[in-house]
Amino acid sequence: MSTDLHIHTNLSDGRMSPIDIINHAIDVGLKNIAITDHDTTKALHILRDLNLLANPEINIIKGIEFSADQPTNEIHILGYDIDIDNKELQAELANIVVGRKQRVKKMIEKLKALGFDISYEKVMASGKHSDSLSRSHIANALVTEGYFEKIGDVFADLLNRNGKGYVPHYKLSCQEIIRLIKVSGGISVLAHPGLIGDDNLVFECINLGIQGIEVFHPKHSEEQIDKYLDIAKKYQLIVTGGSDYHAIPTRYPQYLGMFTLGEEYSNDFLEILKKG
């Protein structure tokens, strides 16, 4: 059973449309996928409107990925099996989308002051399908304009947390994200804990009531996988994993199906979803 529980579309910072993601996943033999765009459920609404969400060829899990308001480290929280029509969820997502747009405008002003000929229109063109503008769209616009060769170079030089072009955006607290996922009927999972850089924050999320942990991620080392498996067992957390796929040619995995969750953990996760 091939399962990938962390996939992005071009409605946030991925490169492929929701329909192309589904077709690609089916072509490579995936049986279960979760679409987890940043701060938006628009891709899931599009698939539902096209009668593709309940797909006989593949099980599509409704998901989302939130960025938490943490001043020193990046914390991302995944929500699975959410009610995408939940009014409280959609109200908060609308606030975040506005905050993201305001952030992009502030970052553009910083970049202009640094000598980069960049505009909001160019960034919008980079993320024309996106309901959730991000640093990736700014980076892509700078690559398109010829200032950098790769998106990763833009982040390294300008858009990392300490970069001259960085601006934080409106985010919810970890506690509020966990609550919001629960209110919308979903399961909260700490995304790629090995990338947070501080296990004290991992334990803080556990103490706040997070239900699962993304043990298996392309950027986790074997040592990290073993460590977070032990933590999951000790605290009786749901174990998940996914490719964090964005369809970016220079970023592993380049294709769906290259990184999947093991059958044992996939079966356990699907059984939990089935029980509600």
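This structure is a prediction, so every number in the text was calculated from the model and none was measured.
- Considering every non-hydrogen atom in both Ile181 and Ser188, the closest pair reads CG2-N, 3.8 Å.
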Handout entry: Working for salt bridge (charged side-chain N to carboxylate O under 4.0 Å, His left out), residues Arg161 and Glu74
Key = CA-CA 9 Å; Arg161 274 179 169 262; Glu74 284 280 345; 3.6 Å; yes
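- Side chain to side chain, Gln70 and Thr72 meet the donor-acceptor criterion of an N or O pair below 3.5 Å.
- We find that Glu176 and Arg179 are joined by a salt bridge, their nearest charged nitrogen and carboxylate oxygen being less than 4.0 Å apart.
- For His220 and His192, the ring centers are positioned 6.0 Å apart or more.
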Exercise for the section: Quick one: do Ile58 and Lys31 satisfy side-chain contact (heavy atoms from CB on, under 4.5 Å)? Show the steps, please. Expected result: CA-CA 5 Å; Ile58 191 167; Lys31 300 301 180 185; 5.7 Å; no
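- To the nearest 0.5 Å, the span separating CG on Leu180 from CG on Asn86 amounts to 7.0 Å.
- Classification of the His38-His8 ring pair by plane angle, with boundaries at 30° and 60°, yields parallel.
- With hydrophobic clusters built from ILVMFWY side chains whose heavy atoms lie under 4.5 angstrom apart, Ile26 shares a cluster with Met16.
- In this structure, Leu133 and Val97 have side chains that are not in contact, with every pair of non-hydrogen atoms separated by 4.5 Å or more.
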With a 3.5 Å cut-off and sequence neighbours excluded, list the donor-acceptor pairs that the side chains of residues 111-123 form with protein atoms.
residue : atom : partner : partner atom : Å
Ser119  : OG   : Lys122  : N            : 3.1
Lys122  : NZ   : Asp117  : O            : 3.4
Lys122  : NZ   : Glu145  : OE1          : 3.4

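- Here CD1 of Ile35 is found 10.0 Å from CD1 of Ile84. Values are rounded to the nearest 0.5 Å.
- Checked by atom type, the side-chain pair Asp4/Thr260 shows no donor-acceptor distance below 3.5 Å.
- Looking at every heavy atom in both residues, Asn10 comes nearest to Pro18 through OD1-CD, 3.7 Å.
- You'll find the side chain of Tyr245 stays beyond 4.5 Å of the side chain of Phe259, heavy atoms only.
- Minimum interatomic distance between Arg100 and Ser67 (heavy atoms only, all atoms of both residues): NH2-OG, 4.3 Å.
- Using a cutoff of 4.0 Å between basic side-chain nitrogens and carboxylate oxygens, Asp199 and Lys227 are scored as salt-bridged.
- Contact record, Ile178 with Gly209: CG2-O, 4.0 Å, taken as the closest heavy-atom pair.
- In terms of heavy atoms, Leu11 sits closest to Ala43 at CG-N, 3.9 Å.
- A donor atom on one side chain and an acceptor atom on the other are not found under 3.5 Å apart for Glu65 and Ser12.
- For the pair Leu159/Met107, a side-chain contact is recorded, criterion being any heavy-atom separation below 4.5 Å from C-beta on.
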Practice task
Please report the C-alpha distance between Gln211 and Ile272 in whole Å, then the side-chain angles of each, then the deciding distance to 0.1 Å, and finally whether the side-chain contact (heavy atoms from CB on, under 4.5 Å) criterion is met.
Solution key: CA-CA 11 Å; Gln211 294 164 279; Ile272 290 167; over 6 Å; no
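- Under the 3.5 Å distance criterion, the side-chain polar atoms of Asn160 are matched with a main-chain donor or acceptor of Ala156.
- Thr144 contributes a side-chain N or O that, together with a main-chain N or O of Asn140, makes up a donor-acceptor pair within less than 3.5 Å.
- No donor-acceptor contact under 3.5 angstrom links the side chains of Ser184 and Asp83, judged on distance only.
- Checked by atom type and distance alone, the side chain of Arg15 never pairs as donor or acceptor with a backbone atom of His246 at under 3.5 Å.
- In terms of heavy-atom proximity, Cys205 sits nearest to Ile75 at SG-CG2, 4.2 Å.
- Using a 4.5 Å heavy-atom cutoff, the side chains of Ile33 and Ile7 are in contact.
- Salt-bridge check for Lys274 with Asp81: failed, with every basic side-chain N at 4.0 Å or more from each acidic carboxylate O.
- Within a 6.0 Å sphere centred on CZ of Phe203, other residues, nucleotides and ligands contribute more than 12 heavy atoms.
- Contact annotation: the side chain of Phe216 approaches that of Leu261 to within less than 4.5 Å [non-hydrogen atoms, C-beta and beyond].
- By the criterion of side-chain heavy atoms lying less than 4.5 angstrom apart, applied directly or through intervening Ile, Leu, Val, Met, Phe, Trp or Tyr residues, Leu30 is grouped together with Leu273 in one hydrophobic cluster.
- Ile82 and Ile213 end up in the same hydrophobic cluster when Ile, Leu, Val, Met, Phe, Trp and Tyr side chains are linked at under 4.5 Å.
- Residues Tyr170 and Val167 are members of separate hydrophobic clusters, defined by side-chain heavy-atom contacts under 4.5 angstrom among Ile, Leu, Val, Met, Phe, Trp and Tyr.
- Under the 4.5 Å side-chain heavy-atom criterion for grouping Ile, Leu, Val, Met, Phe, Trp and Tyr, Ile96 is not connected to Ile138 through any hydrophobic cluster.
- Between the OG1 atom in Thr240 and the NE2 atom in His6 there is a gap of 9.0 Å [rounded to 0.5 Å].
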Exercise for the section: Decide side-chain contact (heavy atoms from CB on, under 4.5 Å) for Lys234 and Ile231; before the verdict, give the C-alpha distance in whole Å, the side-chain angles of both, and the deciding distance to 0.1 Å. Expected result: CA-CA 5 Å; Lys234 180 178 179 179; Ile231 289 172; 5.7 Å; no
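- A heavy-atom distance below 4.5 Å is found between the side chains of Ile187 and Val189.
- Although no hydrogens or angles enter the test, the distance criterion places no donor-acceptor pair under 3.5 Å between the side chain of Glu214 and the main chain of Gly241.
- Here Tyr80 and Phe269 bring their ring centres to under 6.0 angstrom of each other.
- Here the straight-line distance linking atom CD1 of Ile177 with atom NZ of Lys182 works out to 16.0 Å at 0.5 Å rounding.
- Using modelled atom types, one side-chain atom of Gln224 and one backbone atom of Ser221 make a donor-acceptor pair closer than 3.5 Å.
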Practice task
Please assess Asp244 against Arg251 for the test salt bridge (charged side-chain N to carboxylate O under 4.0 Å, His left out), listing each intermediate value before the final yes or no.
Solution key: CA-CA 10 Å; Asp244 205 351; Arg251 174 174 174 169; 3.4 Å; yes
Problem - side-chain contact (heavy atoms from CB on, under 4.5 Å) evaluation trace for Leu52 with Ile22 - result: CA-CA 9 Å; Leu52 295 175; Ile22 301 305; 5.8 Å; no
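- Atoms CD1 and CZ, from Ile77 and Phe66 in turn, are 9.0 Å apart once rounded to the nearest 0.5 Å.
- Environment of NZ in Lys101: sparse, with no more than 12 heavy atoms of neighbouring residues, nucleotides or ligands closer than 6.0 Å.
- Taking the charged nitrogens against the carboxylate oxygens, Arg135 and Asp13 have no contact shorter than 4.0 Å, which rules out a salt bridge.
- Put simply, the side chain of Gln90 does not reach to within 4.5 Å of the side chain of Asp85, judged on heavy atoms.
- For the pair Lys42 and Asp37, the salt-bridge criterion is not met [side-chain N within less than 4.0 Å of a carboxylate O].
- The shortest distance between side-chain heavy atoms of Ile64 and Leu93 falls below 4.5 Å.
- Listed for the Ser17 side chain is a donor-acceptor partner under 3.5 Å among the backbone atoms of Asp20.
- Distance check, rounded to the nearest 0.5 Å: CG of Leu270 to OG1 of Thr3 gives 5.5 Å.
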